[in-house]
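So you know, we letter chains A, B, ... as the sequences are listed, proteins then strands, and number each from 1.
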Number of protein chains: 2
Amino acid sequence: MTESIRCPRPSAKRDAILDAACAVFLEVGYAAASMDSVANRASVSKATIYAHFNDKDDLFGAVIRMRCDRNLNLTSVDSALDARDTLTVIGQRFLNLLLQPDSLSMYRLVTAEAPRQPDLARAFYESGPGTSKTQIAQAISDLGRRGLLNVDDAWQMADLFIGMLRTDLFMRTLLGLPQTKERTVDQAVSAAVETMLRAFGP
Amino acid sequence: MTESIRCPRPSAKRDAILDAACAVFLEVGYAAASMDSVANRASVSKATIYAHFNDKDDLFGAVIRMRCDRNLNLTSVDSALDARDTLTVIGQRFLNLLLQPDSLSMYRLVTAEAPRQPDLARAFYESGPGTSKTQIAQAISDLGRRGLLNVDDAWQMADLFIGMLRTDLFMRTLLGLPQTKERTVDQAVSAAVETMLRAFGP
DNA sequence: GTCTATACAACGATAGAC
DNA sequence: GTCTATCGTTGTATAGAC
């Protein structure tokens, strides 16, 4: 019996299966993704998939966890920047990350399956939204320590900042509704940053 | 051929099918919802479903549109209230609505299917998030006219306010992660309202 | 481990009687 | 319109050879 979670030692076929499965799941969703289409895309027979993974759920879990492992660094910014520039840089990184097609597909996929796969939902939260929140709270805390922001509860402020970034623009993009793209990201970040400065500026 | 969208004249069986389909879709998602389970739940034969709806997609669309038609009034508040109380009342209504199990299931369902069903995504947005935003922008605009809030762009402020309400609490609930419920809603609303007042208070 | 071929169940949709 | 019964397809998963 293959151990798919612990000790996934490298294997060319295994990686090809994971990549193909990831693409298919993100494209058509969990239920509509057939093992046949994954096998074809990976140029592998269906039986080979079952040699590496117990079943479809197991494969799905491995895909999600693989994607969750690569978490980004949102908050490595020049420490000489003031509050406005720091928040702007972080906000742009965060929002651009959030609006990437892959991120949106991942979000749709995991939230849809969350009621049936609580473990995956937790893994996704911790590696995605949870990590972002931690990083941003840390950055806000630093700004507070430098006297550039009135920081009472850094976690709550991170929550508010993230919320102001994840607005209608996110919702509309998530739903695939038309949007004027480039301009709007900058505009959303600017609105969030200015509101943060108004509310918590020194 | 049954017209399922226009002129859905009342029919007991038809309503039973719609209710059953709604329950099943919200429970297990689109793909996992079988026509058999809908038929059983509605105490109706499968053929009867196909007498009223063209296919599964058509039934799904009818369900979503039915749920979209009942939009709520978030912003009918006592006009004597000040900005803090007005925003608090609206915020609590909005967030409580958002965190209801049915709302969350609907959100999961529509966002997951949005790439395959753009029309439904649009209908959902307009009757849900779009309507809420319009109502809240209207309320904020009123507060501005009464001199209780510095309103430059009411739509943008509504966006920010909604974003600050739809924070980590929403994400965690959406993903089914444990949460201390009652206290947290009030806390989230309070944080959002106080930040609005700090940033846009007179 | 990897393949071809297949078993077996579930599903969407329809036929035909009433 | 509503039912029972069924068709044809697709999907997950496995058997057995190599």
Colleague: May I have the distance from B:I49 (atom CD1) to C:dC11 (atom C1'), rounded to whole angstrom?
Modeller: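 Result: 13 Å.
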Colleague: Do nucleotides 4-18 of chain D as a string where each nucleotide becomes B, S or -: B if the base has a protein heavy atom under 4.0 Å, S if just the sugar-phosphate does, - if no protein is that close.
Modeller: B------SBBBB---
Colleague: With A:D102 as reference, evaluate A:R108, A:R70, A:R67 under the salt bridge (charged side-chain N to carboxylate O under 4.0 Å, His left out) test and give the passing residue.
Modeller: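 Only one of A:R108, A:R70, A:R67 forms a salt bridge (charged side-chain N to carboxylate O under 4.0 Å, His left out) with A:D102, namely A:R67.
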Colleague: Distance only, no hydrogens: is a donor on one side chain within 3.5 Å (strictly under) of an acceptor on the other, for A:S141 and A:R145?
Modeller: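 Per modelled atom types, A:S141 and A:R145 side chains form a pair under 3.5 Å.
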Colleague: Does any donor atom in the side chain of A:D168 or B:Y125 lie under 3.5 Å from an acceptor atom in the other side chain?
Modeller: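 Yes.
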Colleague: Figure out the CG/C1' separation between B:L59 and C:dC11, and round it to whole Å.
Modeller: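 Atom-to-atom, B:L59 to C:dC11, this comes out as 15 Å.
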Colleague: Report all side-chain donor-acceptor pairs from residues 113-124 of chain B shorter than 3.5 Å, counting only partners two or more places apart or in another chain.
Modeller:
residue	atom	partner	partner atom	Å
B:R116	NH1	A:E27	O	3.1
B:R116	NH2	A:V28	O	3.3
B:R116	NH2	B:A112	O	3.0
B:Q117	NE2	B:D57	OD1	3.4
B:R122	NH1	B:E126	OE2	2.7

Colleague: Mind calculating the distance between CG (B:N40) and P (C:dC11) to the nearest angstrom?
Modeller: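 To the nearest whole Å, that distance equals 11 Å.
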Colleague: What distance do A:H52 atom NE2 and A:T48 atom OG1 have between them, rounded to the nearest 0.5 Å?
Modeller: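 So the NE2 of A:H52 and the OG1 of A:T48 are separated by 6.5 Å.
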